[in-house]
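For reference, the structure is listed below as structure tokens.
Every heavy atom of this structure was used, including side-chain atoms; hydrogens, water molecules and symmetry mates were not. Everything quoted here is computed from the prediction, not taken from an experiment. In what follows, chains are A, B, ... by sequence order, proteins preceding strands, each numbered from 1.
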Amino acid sequence: MTSDKREVSSDEEDTPLSQTSKRRKVSPLQDSDDDISESTPESVSSTTRSVSSTSAVDVSNDEDDIALSQVSENVKAKSSGDGKGKEKIKNKGRIETGSRSKKTKVKSESSESSESNQKKARSGIKKIKQEENSKKAGGVKKLKKEENESESTIEEKREEEVDNSYKWWEANNDDDTIKWHTLKHNGVIFPPAYEPLPSHVKLYYGNQPVDLPVKAEEVAGFFAALLESDHAKNPVFQKNFFEDFLQVLKECGGPLNGVEVKSFDKCDFSKMFAYFELQKEQKKQLSSLEKKSLRFEREKLEEPFKFCELDGRKEQVGNFRIEPPGLFRGRGAHPKTGKLKRRVYPEDVVLNLDRTAAIPPLCEGQKWGEIRHDNTVQWLAMWRENISNSFKYVRFAASSSLNGQSDFKKFEKARQLKDYIDPIRADYRKNLKNKVMLERQKAVAIYLIDVFALRAGGEKSEDEADTVGCCSLRYEHVTLKPPNTVIFDFLGKDSIRFYQEVEVDKQVFKNLTIFKRPPKQPGHQLFDRLDPSILNKYLQNYMPGLTAKVFRTYNASKTMQDQLDLIPNEGTVAEKNLKYNAANRTVAILCNHQRSVTKNHAQSVQKANDRIQELEWQKIRLKRAILELDKSQLKKRQKFFEEIDDLTKEDEASIHKRVIEREIDRCHKKFARENEKRKSENEELLTESDLEEWLAKVEDKRKLFEKELKTNEIDINNATIEKLEKQIEKLEQRIEVSCIQLKDKEENSQVSLGTSKINYIDPRLSVVFCKKYGVPIEKIFTKSLREKFKWAIESVDENWRF
DNA sequence: TCGTCAACTTAGTAGATGTTAG
DNA sequence: CTAACATCTACTAAGTTGACGA
């Protein structure tokens, strides 16, 4: 289930060392590289070790640099010998995130004036606030925007339709700070109350059954349910779970039968686990009718929550169910993994809807945490979660107009980058030699982001998994191998490993060397003067709205376009589909989108290989048969018979064995199944002798194979050369198909195509591909993707290019 | 100027559902 | 038809980013 792709190290220890509340970055001494010697007023000291520069820009930084020696304690230092054993130096002064003063800003209510939004100012649109407007839903009239660069201004469509066929992409929707004018919905679905276990199912401590209070039993159950998963084997998970479990247990007065639960190791959850398994099994056993009616009930319950009304139109809601309580399943080496995720109640939930909307009813005695009317955001409800104290949102579905619009914007922005990318690239190449360290770091960072599709890499707190992106790369994540090879090895988002050995630009290599120069050491930031906000601010100078992540979108879509361009318009739909997937895969690899190999991947590859080998064997047999009919063929068609001795005797024997075993197995199964059926229909059962009979046939076959192996002679019952050749041809086709499928399977086993398809590849590329190549869109986009990308499907002709 | 954080986007996985080989 | 396998969806964790406040 879990693959080795995600690196987990649970042996991490926080060592409080310094009192500094802030993480300090370490900078190498000013660059003395040969390539910076021209003098500019700004020029920086070129003395290697001492900082003598008085130049404007970098002085202060240099002073920082001097302070280096003392800095190590302020630094998030990870000494890692083998990359496994990590040691964090924790910042003591960290503030507990929990105690934030909650300033509820009510944007929508407050007037125009408070919103100094540039976008608004620039576009000079009159905001139409929800209040002013809610009555005339749909009849929204906006002033036209004068400076919409790329788009021709389409006349505003004033549609009254209250269905979901609203085509926002045909409307002129220029303001996105106001997300809606009216918004009505029915709230959220809360998880069902906990149902206590039957009294015979218990946690055991040692061999004593423990009578847990209901609340504690629930928590124990969360763990029990995961008993056979990797989580339950993770010591951090166990520890966090157990702490929270004991806490809950204490709060409800301890076990009812006085057992003292102290040590995790003595807890035996297996009875509980077995019970859950049993329940699962029973659920599976239900008749299809029962299942159907259960499903029907569920649908009925969910129906009101599935949709909401936005500006008078019906739109789908995404995650309308509140997340149920459970154990937090953090990814990678998350320090909080296993902690109890508490139950969310109505009073924890903030609803967002318009002023005139009916407030969804609750049960007697319950009330919503807050009702808000904020039309500048696109969430319907939210609550604060207790693991990292952040918010969870109930939002629109992916197919909603609002999400579609932001998607569209995202891709348009990425497309826009086309027009700026050349100067940007020229600049960062140039700046690789900039005398100012900060500029150089920017240049290298953008290079990495552009070329290797790294993420921005924001700073993370100590109570999250230690993962990095570009700006947060540390000394130990980059290994330099002269002349210009770099090995990246770090954990990125979701603790997915990024490992690449690549050749880089000479100057980039040089700079990385500088960035790693002593006194820097493992644990120190490579880009000690950089963070995403600095980088993004810099990027904005090139193009409004340009940020680090746009490069990923741009490069992904650009790559896809290039790959699609290479595909010849020929072959079957299936073949084209395969080619599309290959293109998709290039992108996924670029973005490092991985997935874990499935539990039985190896096995299924083995199976497929066996299968192919068997086909080969059959083919060879047939060829031998031909030769038996006509020996002279061997000389005449050497090529045709070249693989005839490919299989060793051992290979052949093992194939025989496999085939025979499979057939025997099949006989047994068929026998069992058949009798099962007859039994239920009260027919006469097959007897053992029937089975014997089948097996005897297989045995005959086995003997035949055995003989064949000895004599090399094939039993040709009245086959002709022509017939044999026909069969061979068929086999060859099957072999080829199987090989392609296998290859595809192997290549895809660790690569996840979905993420790039959903988030990075401009869907219009896929639509154009389908149109041009006559591939049905259903082959490429699943139903939900077709809904999400409706705007692309309906708006593009086959000449469109990214 | 800086840190914080709300809001939105991107991410992999578990389990449901659909498909197919046998 | 059934099991095995592939595919899809729901779920929720984990990123990025701009706005905000001190």
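- Comparing C/dA6, C/dG15, C/dA13 by their closest approach to the side chain of A/K460 singles out C/dG15.
- Side-chain contact of A/K757 with A/S766: a donor-acceptor pair under 3.5 Å is absent, judged by distance alone.
- Across all strands, A/S604 comes closer than 4.0 Å to no nucleic acid atom at all (heavy-atom distances).
- Regarding contacts with the backbone of C/dC8, every side-chain N or O of A/R786 stays at 4.0 angstrom or more from both OP1 and OP2.
- A side-chain N or O of A/R585 and one of A/N748 form a donor-acceptor pair less than 3.5 Å apart.
- Using a 4.0 Å heavy-atom criterion, one finds that A/R395 contacts the bases of the nucleic acid, with or without backbone contacts as well.
- A/Q540 comes within contact range of the sugar-phosphate backbone alone, with a heavy-atom separation under 4.0 Å but no base atom that close.
- Judged as a salt bridge (charged side-chain N to carboxylate O under 4.0 Å, His left out), and not counting sequence neighbours, A/K493 has no contacts.
- A donor-acceptor contact closer than 3.5 angstrom links the side chains of A/N584 and A/S756.
- When distances are taken from the side chain of A/H593 to each of B/dA11, B/dT17, C/dA13, the shortest belongs to B/dA11.
- Contact annotation for A/K341: backbone-only contact, meaning every heavy-atom pair under 4.0 Å involves sugar-phosphate atoms and none involves a base.
- Both A/S784 and A/K493 sit near DNA chain C, but only A/S784 has its closest nucleotide nearer the 5' end.
- Out of B/dA7, C/dT17, B/dA11, the shortest distance to the side chain of A/K549 is found at C/dT17.
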